[in-house]
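Since the structure is predicted, the reported quantities are computational estimates derived from the model, not experimental observations. We number each residue from 1, following the sequence as shown.
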Amino acid sequence: MKIGIVGGTFDPIHNGHLMLGAYAYDNFQLDEVWFMPNGNPPHKSEEIKIDFRLEMVKLAIEDKEEFHLSTFEMEEERHSYSYETLEKLQKIYPKNRFYFIIGADSLFTIEFWKEPARVLQACVILAACREDKDINQMNTQIAYLTKKYNAEIRLLKMPLIDISSSDIRKKCEKGESIDTLVPKKVLNYIQTHQLYEVK
C-alpha cells in the first residue's frame, strides 16, 4: 500500500492539515493518509495535553474513509524523531511504501533534522509547493537533496494555505473567530473544553 503520513503536534489540527492530506491522497494515488500526532516532540513544549489533541484529530477525520489516525509516535515516552519513526514503520510494514508529507519550508531545513540521510532513505518526500515559494528554488533544492542523499522527492502542488496552529491559538486567546480555520466538530470541541483561552 501507498501510505501518506502527515505528522505534527496538531495543537490544534486545522483545515490546512486536512487539505495537505487530501491533495497528497488525490495527486499521488495514495491508499491511505495517516495523521500522526507527536506525543513528545523534541523541538516544542507541549501546550495542550495529548488527550485533547488526539480527540481533535479523531473528530477532524472521522468522516473521511481515506484518513486514519496513527498513535504510533504518541506511544513513545521519549522524544520522537522522524527518522526513527519512519525506519520502525518500514520494519513493521515492509510491503508498504511511505510518503512523508512536509511543508515547503521543511524542504529547506531538512538537513538540520536529526539524521536527515536516514529520513530521506526511509520514505518518499512529498513537499508542498505553495505560492510563497518560488518553484525554481524548490526544484533546485530537490535536485540538490536527490543527488546528495539519493532521495526521492516530489512536489505536491496546492493552493497557499494561510493557516497555522499558533495563529489559531492566538485568536482563541483574543476571543476572535476561528470558524473558517478548523472543522466544525473541532471548533465545538475547543469551545466546549475552553481550550486556548486565557485562564
Side-chain angles (χ1 to χ4, degrees), residues 1-38 41 43 56-57 60-70 73 82-83 85-86 89-90 93 96-113 116-168 178-184 186:
M1 293 178 68
K2 297 167 66 176
I3 307 295
I5 297 176
V6 180
T9 50
F10 301 119
D11 192 19
I13 190 168
H14 55 66
N15 291 335
H17 294 129
L18 301 177
M19 187 182 293
L20 196 63
Y23 269 78
Y25 178 81
D26 290 337
N27 288 306
F28 290 91
Q29 293 78 51
L30 302 181
D31 294 295
E32 297 176 355
V33 175
W34 295 358
F35 286 78
M36 190 176 292
N38 192 322
H43 58 290
M56 286 189 282
V57 174
I61 68 174
E62 65 182 1
D63 296 327
K64 302 181 186 300
E65 291 184 1
E66 68 274 22
F67 290 171
H68 298 269
L69 170 66
S70 170
E73 283 197 340
S82 296
Y83 81 94
T85 297
L86 290 164
L89 288 172
Q90 277 190 322
Y93 306 101
N96 289 350
R97 194 172 196 200
F98 291 97
Y99 292 71
F100 196 36
I101 305 164
I102 64 174
D105 293 342
S106 292
L107 185 69
F108 292 87
T109 61
I110 198 166
E111 286 193 288
F112 299 101
W113 293 15
R118 291 169 70 173
V119 172
L120 291 164
Q121 287 300 306
C123 64
V124 178
I125 295 288
L126 300 184
C129 180
R130 306 179 311 200
E131 296 170 10
D132 62 342
K133 282 287 180 185
D134 182 82
I135 189 71
N136 292 327
Q137 286 183 318
M138 295 281 288
N139 284 327
T140 298
Q141 181 69 357
I142 288 173
Y144 161 72
L145 293 172
T146 299
K147 182 177 181 180
K148 182 174 180 179
Y149 298 100
N150 193 29
E152 186 173 353
I153 305 171
R154 315 238 186 113
L155 280 179
L156 173 58
K157 295 181 181 179
M158 57 187 298
L160 173 64
I161 309 169
D162 192 18
I163 307 174
S164 74
S165 295
S166 59
D167 286 343
I168 291 172
I178 59 168
D179 293 19
T180 61
L181 306 180
V182 299
K184 179 70 173 175
V186 174

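Of the inter-residue distances, the one linking Thr146 atom OG1 with Glu152 atom CD reads 8.5 Å to the nearest 0.5 angstrom. Leu156 CG to Leu107 CG: the interatomic distance, rounded to the nearest 0.5 Å, is 12.0 Å. Remark: Asp26 CG to Glu66 CD distance equals 7.5 Å, nearest 0.5 Å. Here the NE2 atom belonging to His68 is positioned 13.0 Å from the CD1 atom belonging to Ile5, to the nearest 0.5 angstrom. Note that CD of Glu73 and OG1 of Thr9 are 11.0 Å apart. Values are rounded to the nearest 0.5 Å. Distance check, rounded to the nearest 0.5 Å: CD1 of Ile101 to CH2 of Trp34 gives 12.0 Å.
Residues Leu89 and Met36 are in side-chain contact: their nearest non-hydrogen atoms beyond the backbone lie under 4.5 Å apart. Using a 4.5 Å cut-off on side-chain heavy atoms (C-beta onward), Glu62 and Phe67 make no contact. When side chains are defined from C-beta on, Leu145 counts as touching Glu111, because their heavy atoms get closer than 4.5 Å. A heavy-atom distance below 4.5 Å is not found between the side chains of Pro37 and Asp11. Between Leu181 and Asp167, the closest side-chain pair of non-hydrogen atoms is not below 4.5 Å. For the pair Val33 and Lys64, the minimum side-chain heavy-atom distance is 4.5 Å or more.
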Requested in this report: Dump the intermediate steps for side-chain contact (heavy atoms from CB on, under 4.5 Å) on Thr85 and Asn38, then the final yes or no.
Outcome: CA-CA 10 Å; Thr85 297; Asn38 192 322; over 6 Å; no
Query - Chi angles and distances behind the side-chain contact (heavy atoms from CB on, under 4.5 Å) call for Leu155, Asn139 - result: CA-CA 8 Å; Leu155 280 179; Asn139 284 327; 3.5 Å; yes
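Remark: Asp162 CG is loosely packed, at most 12 non-hydrogen atoms of other residues, nucleotides or ligands lying under 6.0 Å away.
A pairwise comparison of heavy atoms in Ile135 and Cys129 identifies CD1-SG, 3.5 Å as the closest pair. Residue Ala60 comes nearest to Leu18 through the heavy atom pair O-CD1, 4.1 Å, listed as atom of the first residue, atom of the second, then distance. Listed here is the closest heavy atom pair of Lys157 and Asn27: O-ND2, 4.1 Å. Contact detail for Ala128 and Met138: the closest heavy-atom pair is O-CE, 3.7 Å. The shortest non-hydrogen separation linking Met56 to Pro12 is SD-CB, 3.7 Å. Closest heavy-atom contact between His17 and Ser165: CE1-OG, 3.7 Å.
Ring planes of Phe35 and Phe10: tilted class, angle from 30 to 60°. Using a 30° and 60° split on the angle between ring planes, Tyr99 and Phe28 fall in the tilted class, from 30° to 60°.
In this structure a side-chain-to-backbone donor-acceptor pair under 3.5 Å is present from Asn96 to Met1.
You'll find the ring centres of Tyr83 and Trp113 outside the 6.0 Å limit.
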